[in-house]
Number of protein chains: 2
Amino acid sequence: MSLSHAILASLIGESPSSGYDLAKRFNATVGFFWKATHQQIYKELARLESEGLLESEVVVQEERPDKKIYGVTEEGKELLLGWLAEPATPSPIKEELQVKMHVGYLLPKEIIIDELKRHRKLHRERLDLYNEREKRYFSDVEKLSDKGRFRYINLRSGITFEKSRIGWIDEAIKFLSEFRAIK
Amino acid sequence: MSLSHAILASLIGESPSSGYDLAKRFNATVGFFWKATHQQIYKELARLESEGLLESEVVVQEERPDKKIYGVTEEGKELLLGWLAEPATPSPIKEELQVKMHVGYLLPKEIIIDELKRHRKLHRERLDLYNEREKRYFSDVEKLSDKGRFRYINLRSGITFEKSRIGWIDEAIKFLSEFRAIK
DNA sequence: TATGCATATGAAAATAGTTGCATATCAACT
DNA sequence: AGTTGATATGCAACTATTTTCATATGCATA
């Protein structure tokens with residue numbers, strides 16, 4: 001179960017967080033590479049605490065509902081480090097768009113092209129977001145902390161991916177547009 | 001549940017297949033975008049048949065164990081077409097390597113670089129496989145059938161992805177190698 | 001003759017993920 | 001005074017996936 005590792009990774013560099021804050025941070029950082037709903041996160045936090053990998057404290061708040069904040073224990077850190085040193089397992093891809101393209105010949109090409117354009121827009125938006133982050137937080141790469149440098153590497157991974165995806169979509173649209181009806 | 005659609009997509013252009021053959025073809029084609037074990041496939045085939053989306057026939061074999069071959073029914077085809085016309089849902093990404101990079105500063109950079117190199121090798125192998133396929137089956141793009149054209153588009157997607165991934169890994173290794181220890 | 005390998009299918013248990021529901025506080029707006 | 005929205009946490013049911021185990025044939029190899 002690697003959600004646990006993703007959660008530990010999201011918690012470890014930061015000050016102790018509530019499930020709510022973690023879920024938000026998770027979706028804004030690790031969440032680009034690993035999705036989790038708040039239900040999953042709360043459940044996993046409870047499990048990790050019961051196994052001694054996290055410890056929690058209830059914070060009473062005046063202006064908001066009380067919250068429970070979690071921090072990584074020494075044992076939790078060790079577990080994360082152990083996992084880190086192991087080779088990553090191949091990622092279980094599920095590219096629905098690609099499955100559709102596999103049988104794209106069953107539909108009029110206009111519909112396929114529209115769907116590709118829709119995806120292009122999503123990737124363009126994601127790329128814009130990444131570019132903005134790069135500009136805002138990583139303008140001076142030389143001055144990054146150790147942690148910052150790894151965040152930058154991940155951001156670059158996202159940028160590279162979105163660009164290549166857009167490139168492929170453009171190629172595919174062009175290729176499809178030039179189809180003459182055969183067969 | 002979209003495994004059902006992936007299975008229908010894998011069956012529809014081909015002659016009726018056994019679960020065994022389907023599993024093999026699946027892993028060699030759609031499987032690059034959607035993973036499924038044979039256990040999942042057999043179970044799903046049974047379910048799809050019970051819903052009238054597939055029909056099967058037992059083939060008695062002399063030199064091998066008997067097999068049950070499945071074909072898509074008219075109802076199954078309609079369901080697939082309906083699904084095709086709908087927008088694809090965003091894919092649930094799980095990039096373990098990226099989660100590791102998120103906390104890569106917790107390990108000596110040499111270990112991270114080794115892991116990146118390992119991934120580079122995997123992507124390089126995959127890319128070689130794709131390139132070979134392109135050369136062998138898609139040397140003359142002009143002459144492709146409608147179906148072939150969509151297979152080509154998917155292959156191009158794979159090639160684009162692997163290349164960009166290798167590009168990112170090289171960038172990351174270079175960036176990490178030039179690290180001076182800070183902080 | 002036994003051992004492994006490819007073919008062929010599936011049950012069962014455990015783990016993981018999605019979806020819908022439920023509850024509660026407090027601030028701000030209507 | 002009531003509604004909406006952000007904060008805050010979680011249960012339960014369902015669906016999907018992974019892992020482990022099981023069985024059987026026939027061919028080739030040691």
Side-chain angles (χ1 to χ4, degrees), chain A residues 1-8 11 16-28 30-31 33-51 54 56-70 83 88-96 99, chain B residues 1-8 11 16-28 30-31 33-51 54 56-70 83 88-96 99:
Chain A
M1 187 192 330
S2 254
L3 172 61
S4 53
H5 303 120
I7 286 176
L8 288 169
L11 268 175
S17 313
S18 65
Y20 188 81
D21 289 332
L22 174 67
K24 274 201 301 180
R25 189 171 67 241
F26 196 92
N27 289 323
V30 189
F33 316 116
W34 200 287
K35 295 285 167 213
T37 61
H38 77 267
Q39 290 92 337
Q40 263 180 294
I41 289 173
Y42 282 119
K43 203 176 160 201
E44 195 63 20
L45 285 172
R47 200 185 65 83
L48 290 171
E49 188 181 18
S50 79
E51 295 192 356
L54 296 180
S56 74
E57 194 187 335
V58 173
V59 175
V60 178
Q61 298 185 116
E62 297 284 296
E63 310 199 330
R64 290 172 187 181
D66 296 349
K67 63 182 177 181
K68 204 171 165 186
I69 61 169
Y70 292 90
W83 172 75
T89 52
S91 51
I93 321 151
K94 293 197 174 181
E95 287 290 347
E96 201 169 315
V99 178
Chain B
M1 187 192 329
S2 252
L3 172 61
S4 54
H5 303 120
I7 286 176
L8 288 169
L11 268 175
S17 313
S18 66
Y20 188 81
D21 289 331
L22 175 67
K24 274 201 303 181
R25 188 171 67 241
F26 196 91
N27 289 323
V30 189
F33 316 116
W34 199 286
K35 294 286 168 214
T37 61
H38 77 267
Q39 290 90 339
Q40 262 180 295
I41 289 174
Y42 283 119
K43 205 178 160 202
E44 196 62 19
L45 284 171
R47 201 186 64 83
L48 290 171
E49 187 180 18
S50 80
E51 294 191 357
L54 296 179
S56 73
E57 194 186 337
V58 173
V59 175
V60 178
Q61 297 186 116
E62 298 284 297
E63 310 199 330
R64 292 172 184 182
D66 295 350
K67 63 183 178 180
K68 204 170 164 186
I69 60 170
Y70 291 89
W83 171 75
T89 52
S91 50
I93 320 151
K94 293 198 174 181
E95 287 291 347
E96 201 170 314
V99 177

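Worth knowing before you read on, the calculation uses all heavy atoms, side chains too, and leaves out hydrogens, waters and symmetry mates. Each chain gets a letter, A, B and so on, in the order the sequences are listed, and its residues count up from 1.
- Applying the salt bridge (Lys or Arg N to Asp or Glu O under 4.0 Å) criterion to E95(B), with sequence neighbours excluded, gives R165(B).
- Here dT15(C) presents its P atom at 12 Å from CD of E44(A), a figure rounded to the nearest Å.
- For dA8(D), neither phosphate oxygen OP1 nor OP2 lies less than 4.0 angstrom from any side-chain nitrogen or oxygen of K24(A).
- Distance N27(B) CG to dT7(C) P: 13 Å, rounded to the nearest Å.
- Residue T37(A) has no polar side-chain atom (N or O) positioned under 4.0 Å from OP1 or OP2 of dT19(C).
- With rounding to the nearest 0.5 Å, the separation of CD in Q40(B) from NZ in K35(B) is 12.0 Å.
- The two atoms that bring S56(A) and K68(A) nearest to each other are OG-CE, 3.3 Å, heavy atoms only.
- When the C1' atom of dT9(D) is taken as reference, atom CG of L54(A) falls 16 Å away, rounded to whole Å.
- Look at CD on Q40(B): it is 15 Å from C1' on dT20(D), rounded to the nearest Å.
- Taking atom CZ on R47(A) and atom P on dA14(C), their separation rounds to 16 Å, with Å as the unit.
- Here Y20(B) reaches the OP1 or OP2 of dT7(C): one of its side-chain N or O atoms lies under 4.0 Å away.
- Rounded to an integer number of Å, the gap from CG of L3(B) to P of dT18(C) is 15 Å.
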Can you check nucleotides 10-13 of chain D for protein contacts, nitrogen or oxygen pairs under 3.5 Å, and list what you find?
residue, atom, partner, partner atom, Å
dG10(D), O6, H38(A), NE2, 3.1
dG10(D), O6, Q39(A), NE2, 3.3

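- The distance from atom NE2 of H5(A) to atom P of dT15(C) is 14 Å, rounded to the nearest whole Å.
- Comparing atom distances between the K67(A) side chain and each of dT18(D), dA8(D), dT9(C) picks out dA8(D) as nearest.
- Atoms OG and CZ, on S4(A) and R47(A) in that order, are 5.5 Å from each other to the nearest 0.5 Å.
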